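Worth knowing before you read on, the calculation uses all heavy atoms, side chains too, and leaves out hydrogens, waters and symmetry mates. Since we're looking at a predicted model, the values are computed, not measured. For this chain, numbers begin at 1 and follow the sequence in order.
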Amino acid sequence: MNEPRQNSILCSIAYKLGKLSGAESIQDFDDAASKYKLPADPGLLDFGSYSTVETDIYELAVECAKETLSRLPAGKLRPDAVILTTNSFLESPQLRNHRMSELLIELDLGGAIPFCLSFSECANFHSALQIAISLLSQDQFDNILVITADKADSYGERITEYGVLSDGAASCIITGEIAQEAIEHSYRIQSLVQRSVPTPIGERNLASFVYNYRDVFNLSIDKGGIGFDDVTWAIHNNFFAPWQNALKQLLMVDESKVYFDNVHKFGHSFAADNLINLRELEKEQLIGGGNNIVLTSSGVGHFGSACLEKL
């Protein structure tokens, strides 16, 4: 595993959601709750709203990435590589390739090398982060645009045992440059830990999830060179309340630092959750220089955690 090089920087976060709707708009909510043995009252799940968008994932990715690029200093940090992560692939590989090419054209990033990855599901962002760090450490690229975008309609259902799926996209820049004076929020990537635990379909287990989730969380803190008391914010996927409570009880940080404030507002936007929640903390001016933020997520059998220091 490649460790972050000294100057691996994450900056210029943006996200895009669609129309927000409440639990009452989901057909067969009671059936889904019964299927997963969830409380029939959405309030007990911390379920308030979720996002739906009419565009496809590529249009959603473009809209989000344009905001990330617009916040960069003029003439600086132009991406020479783009990593798109999604599980909502178009059915035709040929059409998918054309749309990826269109994405680069719409972003005016002709010449940038595209990468597209999946399989880590809601932990796709950490996989993209690992690839970006590796490419930077080998001096193959200078600035990498990372985009994660997904839609629930590709899954066939919106309610799952762990959250309500919400259409959304998030993006950021991963760079090796230190000069970030013109960007309001930048973070040094102190550590990145990933773990793969192959999980058969239908055998997602809360106890196993919590154990592996806690383990990568603890390892990222240890590799980041900080203690549990030094964590300013612990940011996660936007899980339903039972999963939130299990983590709050077992993670070795103060419960007030475990951030789930946006679950009821936005739902679970797949791998975009970590960046969405980090951006919301930025907007609320709840992050200061020297703060330590841990981003942790999980997909089906995949876990990732990164420790960041606010510059």
Side-chain angles (χ1 to χ4, degrees), residues 8-19 51-121 124-136 138-154 166-177 180 182-186 269-276 279:
S8 293
I9 306 295
L10 185 156
C11 62
S12 196
I13 299 168
Y15 73 84
K16 291 292 181 182
L17 299 172
K19 176 184 176 182
S51 164
T52 57
V53 296
E54 300 299 325
T55 59
D56 69 24
I57 57 163
Y58 290 88
E59 294 172 7
L60 189 64
V62 167
E63 184 180 0
C64 185
K66 282 183 176 179
E67 182 172 335
T68 280
L69 296 175
S70 72
R71 298 176 59 226
L72 296 176
K76 294 185 177 181
L77 303 183
R78 176 181 171 83
D80 45 9
V82 177
I83 302 174
L84 171 65
T85 83
T86 182
N87 296 300
S88 306
F89 281 127
L90 295 170
E91 292 182 3
S92 164
Q94 184 178 16
L95 180 56
R96 181 172 69 231
N97 294 341
H98 283 309
R99 294 310 305 275
M100 191 67 183
S101 180
E102 291 173 3
L103 183 148
L104 295 177
I105 293 171
E106 288 199 54
L107 295 177
D108 192 26
L109 292 178
I113 304 301
F115 298 85
C116 199
L117 67 93
S118 184
F119 305 121
S120 298
E121 288 208 333
N124 273 337
F125 172 68
H126 285 84
S127 294
L129 193 58
Q130 180 69 74
I131 292 173
I133 290 170
S134 297
L135 294 172
L136 288 174
Q138 297 167 27
D139 294 322
Q140 295 190 37
F141 299 95
D142 296 316
N143 310 297
I144 300 173
L145 171 63
V146 172
I147 314 167
T148 177
D150 272 296
K151 293 185 65 176
D153 57 11
S154 64
S166 189
D167 304 346
S171 53
C172 66
I173 296 291
I174 308 298
T175 179
E177 295 188 23
Q180 304 292 324
I183 298 181
E184 184 179 3
H185 296 285
S186 300
S269 296
F270 303 87
D273 280 349
N274 277 187
L275 290 179
I276 290 173
R279 181 63 183 140

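- With rounding to the nearest 0.5 angstrom, the CD1 atom of Ile9 is 7.0 Å from the OG atom of Ser186.
- In this structure, CD on Glu54 lies 8.5 Å from NZ on Lys19, to the nearest 0.5 angstrom.
- Atom-to-atom distance recorded for Ser8:OG and Ile133:CD1 is 5.0 Å, nearest 0.5 angstrom.
- If you take SG on Cys172 and CD1 on Ile13, they are separated by 6.0 Å, rounding to the nearest 0.5 Å.
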**OP:** List the steps, then state whether side-chain contact (heavy atoms from CB on, under 4.5 Å) holds for Gln140 with Asp80.
**Re:** CA-CA 9 Å; Gln140 295 190 37; Asp80 45 9; over 6 Å; no
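- Within the 4.5 Å cutoff, the side chain of Cys11 has heavy atoms near those of the Leu77 side chain.
- Contact record, Pro79 with Ala112: O-CB, 4.0 Å, taken as the closest heavy-atom pair.
- Under the 4.5 Å side-chain criterion, counting only non-hydrogen atoms from C-beta, Ile174 is in contact with Leu136.
- A 4.5 Å side-chain heavy-atom check between Lys151 and Val53 finds at least one atom pair inside the cut-off.
- In this structure, Arg78 does not pair ionically with Asp142, as no charged nitrogen and carboxylate oxygen lie closer than 4.0 Å.
- Taking both residues in full, the closest heavy atoms of Ala128 and Leu117 are given as CA-CD2, 3.9 Å, listed atom of the first, atom of the second, then distance.
- Side-chain contact, Asn87 with Ser118: a donor N or O sits under 3.5 Å from an acceptor N or O.
- Considering only residues two or more places apart in sequence or on other chains, Ala81 meets the side chain to side chain contact (heavy atoms under 4.5 Å, CB included) condition with Phe115, Phe141, Ile144.
- In this structure the side chain of Pro114 reaches within 4.5 angstrom of the side chain of Leu104, judged on heavy atoms.
- Annotation: the span from Phe270 atom CZ to Thr85 atom OG1 amounts to 11.0 Å, rounded to 0.5 Å.
- Between Arg71 and Glu67 the shortest side-chain heavy-atom distance falls below 4.5 Å.
- Note that the CD atom of Glu106 and the CZ atom of Arg99 stand 7.5 Å from one another [nearest 0.5 Å].
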**OP:** Go through Val146 and Val82 one step at a time and tell me if the side-chain contact (heavy atoms from CB on, under 4.5 Å) criterion holds.
**Re:** CA-CA 6 Å; Val146 172; Val82 177; over 6 Å; no
Original post:
So Asp167 and Thr52, side-chain hydrogen bond (donor to acceptor under 3.5 Å, both in side chains) or not? Walk me through it.
Top reply: CA-CA 5 Å; Asp167 304 346; Thr52 57; 5.3 Å; no
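- A side-chain N or O of Thr175 and one of Asn143 form a donor-acceptor pair less than 3.5 Å apart.
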**OP:** Kindly determine whether His185 and Arg279 satisfy side-chain contact (heavy atoms from CB on, under 4.5 Å), including the steps that lead there.
**Re:** CA-CA 9 Å; His185 296 285; Arg279 181 63 183 140; 4.1 Å; yes
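- A 4.5 Å side-chain heavy-atom check between Thr68 and Ile173 finds at least one atom pair inside the cut-off.
- Shown here are the side chain to side chain contact (heavy atoms under 4.5 Å, CB included) partners of Ala271, two or more places apart in sequence or in another chain: Asn124, Phe125, Thr148.
- Across every non-hydrogen atom of Ser120 and Ser127, the tightest pair is OG-OG, 2.8 Å.
- A heavy-atom distance below 4.5 Å is found between the side chains of Cys64 and Ser171.
- Looking at Leu103 and Glu59, their side chains never come closer than 4.5 Å, going by heavy atoms from C-beta outward.
- Scanning for side chain to side chain contact (heavy atoms under 4.5 Å, CB included) contacts around Ala65 gives Leu107, Leu145, Ile147, with sequence neighbours left out.
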